[in-house]
Amino acid sequence: RRPLVTLTAQNVTDDGTVARVVFFFDSNQDGQFQDGQDEFLGEGVQNGVNWSFTLPSSSVLNTGNFSVLAIALDNDNALSAPLFRPLTVT
């Protein structure tokens, strides 16, 4: 059985209102978002200025080293720069 993994983007702020934060699997692990290549994992749930998403056990992640991206969208539909983080699942 695959492990559950919770991704959290902390202290997400904007000059407007953060409407949502989405998480992606960085398919080629280059730290850059490529629309149509990087796999959408899910949308975060807000808790104050933090946004979290728990990957289902059927997700793309087995054990190993991966990269994930978080992107915030504000109330004007402006996108943040992607935040890249390595992830090790054991």
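Residue numbers count from 1 along this sequence.
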- Message: Quick check on N28: does its CG atom have over 12 non-hydrogen neighbours (other residues, nucleotides or ligands) under 6.0 Å away?
- Response: yes

- Message: Other members of the hydrophobic cluster containing V45, with the 4.5 Å side-chain heavy-atom rule, please.
- Response: none

- Should F53 and L83 be regarded as members of a common hydrophobic cluster, given that ILVMFWY residues are connected when their side-chain heavy atoms come within less than 4.5 Å of each other, either directly or indirectly? no

- Task: Output all residues satisfying side chain to side chain contact (heavy atoms under 4.5 Å, CB included) with T8, sequence neighbours left out; order by chain, then residue number.
- Result: T6, Q10, N50, S52

- Query: What residues, two or more places apart in sequence or in another chain, satisfy side chain to side chain contact (heavy atoms under 4.5 Å, CB included) together with Q29?
  - Reply: S67

- Message: Could you check whether any side-chain heavy atom of D26 comes within less than 4.5 Å of a side-chain heavy atom of V68, counting everything from C-beta outward?
- Response: no

- Could you work out the complete set of other residues in the hydrophobic cluster of L73, with links drawn between I, L, V, M, F, W and Y side chains under 4.5 Å apart? V22, F24, F33, F40, L69, I71, L79, F84

- Item | Nearest-0.5 Å distance, CG of residue L87 to CZ of residue F25 | 9.5 Å

- Query: Of all residues at least two apart in sequence or in a different chain, which pass the salt bridge (charged side-chain N to carboxylate O under 4.0 Å, His left out) check with R20?
  - Reply: E43

- Query: What salt bridge (charged side-chain N to carboxylate O under 4.0 Å, His left out) pairs are there with at least one residue in residues 78-90, not counting sequence neighbours?
  - Reply: none

- Does any N or O in the side chain of N65 come within less than 3.5 Å of the main-chain N or O of T88, such that one atom is a donor and the other an acceptor? no

- Query: Taking atom OG1 of T17 and atom CG of D76, what is their separation to the nearest 0.5 Å?
  - Reply: 8.5 Å

- Query: Who else is in the cluster with V49 when I, L, V, M, F, W and Y are joined by side-chain contacts under 4.5 Å?
  - Reply: none

- Message: Going by side chain to side chain donor-acceptor pair (under 3.5 Å), name the residues that satisfy it together with Q34, two or more places apart in sequence or in a different chain.
- Response: D30

- Item | Residues that S27 engages under side chain to side chain donor-acceptor pair (under 3.5 Å), provided they are two or more places apart | none

- CG of L41 to OG1 of T54, rounded to nearest 0.5 Å, is 12.0 Å

- All side chain to side chain donor-acceptor pair (under 3.5 Å) counterparts of N77, not counting sequence neighbours: none

- Message: So, using side chain to side chain donor-acceptor pair (under 3.5 Å) as the criterion, who are the partners of S80 when residues are at least two apart?
- Response: none

